[in-house]
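Heads up: the structure comes next, in structure tokens.
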Number of protein chains: 2
Amino acid sequence: MISGRCAACKNQRRKCPSDCIFSPYFPANDPQKFACVHKIYGGSNVGRMLQGIPTYLREQAANALYLEAKWRIDDPVYGSVGIISSLYEQVQNAEIELAKIQAQIAFYKLQTQHVEAEPNSEVLQSQSITMEQFESDNPTITSWFN
Amino acid sequence: MISGRCAACKNQRRKCPSDCIFSPYFPANDPQKFACVHKIYGGSNVGRMLQGIPTYLREQAANALYLEAKWRIDDPVYGSVGIISSLYEQVQNAEIELAKIQAQIAFYKLQTQHVEAEPNSEVLQSQSITMEQFESDNPTITSWFN
């Protein structure tokens, strides 16, 4: 047994050189991290990708490769694309929700103006508008929903 | 030249077998698609991953692998993790925006109720509350922003 080998060199059953490209990012105490990237990319591809990245960014790259590999193992069909698709849907739904709520605000603002302009209960009755009337008067706002 | 080879077999300069695992998903007229996955995962890893997936899901898997590979080529440090991080931030910002706007709506609703309950211009003046007063009266709502 060679002591002090990184997880990648242990996995590959080789001596860990002093300038090992994997050693700083795949420590021996976390063999799962290398096992994941090895399963998806292959060890030599990971080494080659890390070599092509400036040293100060290699840790982020190794961590991102690990996450992508883990997601692909968890979901062999969609991998990280499945997560992106779900988040994209959440962003779209939030945008629709925001547009609806902004229309509601515009409605309440207008209603407040009506009430303040004619603070007479009889006039109030006729001035007060419904959300449906407001929407039909403001087709631009309601078109956001379509 | 062997005619009818898929992009993977053309790239690997080999005969394309009738049961080629790549052929349905990496057509000869789109060599870039295979070149991307080959660069990131290696051809044999892609073949192995496709083999492990039911036939009816392989097209989605091949397309997802292509997207992930393309994103990693475009951003060698973060790849698809960079896209996920940015979308996650958008979702969080949208949630904050929604909470703010919901608080605004609650404010306008309350203001409208005040005005309707006391439709007298003098009373109106004293009853009308500001957004600041509303926020200090409703710490639960405003705590969403913190």
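- Proximity to chain A is absent for every atom of Arg58(B), based on heavy atoms less than 4.5 angstrom apart.
- Cys9(B) contributes atom SG, which lies 8.0 Å from atom CZ of Phe34(B) (distance to the nearest 0.5 angstrom).
- Of all the listed residues (Leu57(B), Asp75(B), Ile40(B)), the one sharing the greatest number of non-hydrogen pairs under 4.5 Å with chain A is Ile40(B).
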Practice problem: Using the side-chain contact (heavy atoms from CB on, under 4.5 Å) rule, take Val81(A) and Trp71(B) through it: C-alpha gap first, then chi angles, then the decisive distance, then the call. | Solution: CA-CA 10 Å; Val81(A) 174; Trp71(B) 289 329; 3.8 Å; yes
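- Ile53(B) touches chain A through its side chain: at least one heavy atom from C-beta onward sits under 4.5 Å away, while N, CA, C and O do not.
- Of the residues considered (Glu97(A), Gln90(A), Gln60(A)), Gln60(A) shows the highest number of contacts with chain B, using heavy-atom pairs under 4.5 Å.
- Here the CG-OH distance, from Asn63(A) to Tyr25(A), works out to 10.5 Å after rounding to the nearest 0.5 Å.
- Inspection of the Ser80(B) and Glu68(B) side chains reveals no N or O donor paired with an N or O acceptor under 3.5 Å.
- Contacts of Leu65(B) with chain A are made by both backbone and side-chain atoms, with heavy-atom separations under 4.5 Å.
- To the nearest 0.5 Å, atoms SG (Cys6(A)) and CZ (Phe26(A)) are separated by 9.0 Å.
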